[in-house]
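Here's the structure we're looking at; comments come further down.
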Amino acid sequence: MLSVVIPAFNEQDGIGQTLDDVQVALQDAGIVAEVIVVDDGSTDQTGAIATAHGATVIRHPINVGYGRSLKDGILQARYDLIAIADADCSYPVHELPRLLKAGEGFDMVVGARTGPTYRGSFLRFPARKLFQWLVEFSVGQRIPDVNSGLRIMRKDVVLRFFDTLSNGFSFTTTLTMAMLLNAYFVTFVPVAYFPRRGRSKIRVVRDTLRMAQIIIEAILYHNPIKVFLIPTGVLALVGLAVGAYAPFSGHGVFLGGVAVASLLTASVIFAIGLLADLLRRIMQK
């Protein structure tokens, strides 16, 4: 049994086809399911179309965000397994039965996007790779797609992290990090990714900065030592390099002082990181 939660804000161009594809795929696979659409303050016909296509519709009076919509849908869900997808036809929702089978024994299975549409524009690709590296560094493993919006997870596990998950577009990113950093079982299954129907709600500069903030906050909450390791490593390398060069320069005393200051600062930052990690462990207990 599966609850499918679909957040939607002004998605009248794609919501009908998305719901049809979900229902056909699950019926053909013999999966008992409910479909919940969270109409996040839409000003078009999104809610009416979703109702006409047989979905249970939760309506927000105003637009409050992607993550908040998913949270409300998950709380409303009746079944222990939750699938999420977007309403714009960008995800292959017909793959839900395959993801469900691939996720047996796991706490979450993620549809890892592939193809040129996922790589995106020249401006967005570097930011995505930087965030991917930062998340992979924090969790200590490779992650094919940290913020895919097509995934299936256990409701009881997601609820444990509700208070720490973003109410915005970064809901999926913070969920991936929370589960991996807390030793839950997560698997990734490659899926195709298609151009969306309708207008994108993402604002590149604003949402990129917000994503960076949320990722750093998530690392500080779940694994703070990793945040402090980056400046510690940079300052330690600078100190060692300057210290090695100092005897051969004409400014040995000055550069030696710079080297010592860099190494001492690195030590202090590392110590703060250890204290932050200790505090996290105490608070968890």
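Positions are given from 1, in the same order as the sequence printed here.
Two residues are said to be in side-chain contact when any heavy atoms from C-beta on lie closer than 4.5 Å; K71 and F162 meet this criterion. Side-chain contact between I84 and T172: present, with at least one pair of heavy atoms (C-beta onward) separated by less than 4.5 Å. Contact annotation: the side chain of V189 approaches that of V109 to within less than 4.5 Å [non-hydrogen atoms, C-beta and beyond]. The closest side-chain heavy-atom distance from T51 to R59 is below 4.5 Å. By the 4.5 Å heavy-atom criterion applied to side chains, L100 and L96 are not counted as neighbours. Using a 4.5 Å cut-off on side-chain heavy atoms (C-beta onward), H94 and D28 make no contact. Under the 4.5 Å side-chain criterion, counting only non-hydrogen atoms from C-beta, T43 is in contact with N10. Using a 4.5 Å heavy-atom threshold, the side chains of D40 and R68 count as separate.
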Passes side chain to side chain contact (heavy atoms under 4.5 Å, CB included), F188 versus I143? Steps please.
CA-CA 8 Å; F188 297 85; I143 304 176; 3.6 Å; yes

Step by step, work out the side chain to side chain contact (heavy atoms under 4.5 Å, CB included) result for V5 and D72.
CA-CA 9 Å; V5 178; D72 288 346; over 6 Å; no

Show your working on side chain to side chain contact (heavy atoms under 4.5 Å, CB included) between R151 and L175 and close with a plain yes or no.
CA-CA 11 Å; R151 57 184 67 198; L175 176 60; 4.2 Å; yes

Report the C-alpha separation of V35 and I6 in whole Å, then their side-chain angles, then the decisive distance to 0.1 Å, and conclude whether the side chain to side chain contact (heavy atoms under 4.5 Å, CB included) test is met.
CA-CA 8 Å; V35 181; I6 302 175; 4.2 Å; yes

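Residues passing the ring pair (Phe, Tyr, Trp, His ring centres under 6.0 Å) test with F171, sequence neighbours excluded: none. Take T232 and apply the side-chain hydrogen bond (donor to acceptor under 3.5 Å, both in side chains) test, not counting sequence neighbours, and it matches no residue. The side-chain hydrogen bond (donor to acceptor under 3.5 Å, both in side chains) search around D80 returns none, not counting sequence neighbours. The salt bridge (charged side-chain N to carboxylate O under 4.0 Å, His left out) check on D86 picks up nothing, with sequence neighbours excluded. Checked against salt bridge (charged side-chain N to carboxylate O under 4.0 Å, His left out), R113 has the following partners two or more places apart in sequence or in another chain: D145. In this view, R142 satisfies the side-chain hydrogen bond (donor to acceptor under 3.5 Å, both in side chains) rule with no residue, not counting sequence neighbours. For D21, there are no salt bridge (charged side-chain N to carboxylate O under 4.0 Å, His left out) partners two or more places apart in sequence or in a different chain. For S148, the side-chain hydrogen bond (donor to acceptor under 3.5 Å, both in side chains) criterion is met by no residue, not counting sequence neighbours.
Linking ILVMFWY residues whenever their side-chain heavy atoms come closer than 4.5 Å, directly or via other members, places V37 and L81 in the same cluster. F106 and M153 fall into different hydrophobic clusters, where Ile, Leu, Val, Met, Phe, Trp and Tyr side chains are chained together by heavy-atom contacts under 4.5 Å. With hydrophobic clusters built from ILVMFWY side chains whose heavy atoms lie under 4.5 angstrom apart, L275 does not share a cluster with F270. Criterion: ILVMFWY side-chain heavy atoms under 4.5 Å apart, direct or through other members. Under it, V186 and L159 are part of a common hydrophobic cluster. L263 and I230 are assigned to two separate hydrophobic clusters, defined by single-linkage of ILVMFWY side chains at heavy-atom distances under 4.5 Å.
The heavy-atom pair separating G47 from V57 by the smallest distance is O-CG2, 4.0 Å. Here the shortest heavy-atom pairing between I36 and G73 reads CD1-O, 3.8 Å. The shortest heavy-atom contact between V157 and F161 is O-CD1, 3.4 Å. Taking all atoms of both residues into account, the shortest heavy-atom contact from L235 to A266 is CB-CB, 3.9 Å. Heavy-atom minimum distance, P7 versus Y66: CG-CE1, 3.5 Å. Heavy atoms only, all atoms of each residue included: P231 and I269 are closest at CG-CG2, 4.0 Å.
Each side-chain hydrogen bond (donor to acceptor under 3.5 Å, both in side chains) pair with one or both residues in residues 253-271, not counting sequence neighbours, would appear here, but there are none. Every pair passing salt bridge (Lys or Arg N to Asp or Glu O under 4.0 Å) that includes a residue from residues 154-179 is listed here, sequence neighbours excluded: D107-R154, R154-D156, D156-R160.
For E34 (side chain) and R78 (main-chain N/O), a donor-acceptor pair under 3.5 Å exists by modelled atom type. Within the 3.5 Å criterion, the main-chain N or O of V191 finds a donor-acceptor partner in the side chain of T114. Q45 places no side-chain N or O within donor-acceptor distance of the main-chain N or O of Q12, the cut-off being under 3.5 Å. Formation of a donor-acceptor pair under 3.5 Å by the Y91 side chain with backbone atoms of G149 is found in this model.
Of the inter-residue distances, the one linking I15 atom CD1 with D88 atom CG reads 9.5 Å to the nearest 0.5 angstrom. Separation of atoms CE (M177) and OG (S170) is listed at 10.0 Å; rounding is to 0.5 Å. Here I31 contributes atom CD1 and L26 contributes atom CG; the two are 5.0 Å apart, rounded to the nearest 0.5 Å. To the nearest 0.5 angstrom, E11 atom CD is 14.0 Å from Q17 atom CD. Annotation: the span from D44 atom CG to F9 atom CZ amounts to 8.5 Å, rounded to 0.5 Å. Expressed to the nearest 0.5 Å, how far CD of E95 lies from CD1 of I152 amounts to 10.5 Å.
Atom OH of Y79 is surrounded by more than 12 heavy atoms from other residues, nucleotides or ligands within 6.0 Å. Within 6.0 Å of CD on Q76 lie no more than 12 heavy atoms contributed by other residues, nucleotides or ligands. By the 6.0 Å contact criterion, CZ on F185 is open, its count of non-hydrogen atoms from other residues, nucleotides or ligands being 12 or less.
A side-chain contact (heavy atoms from CB on, under 4.5 Å) with H60 holds for exactly one of N63, I62, V64; it is V64.
In this structure, V24 shares a hydrophobic cluster with no other residue, the cluster being traced through Ile, Leu, Val, Met, Phe, Trp and Tyr side chains under 4.5 angstrom apart. The other members of the hydrophobic cluster of V260, by chain and number, are L264 (side-chain heavy atoms under 4.5 Å, ILVMFWY only).
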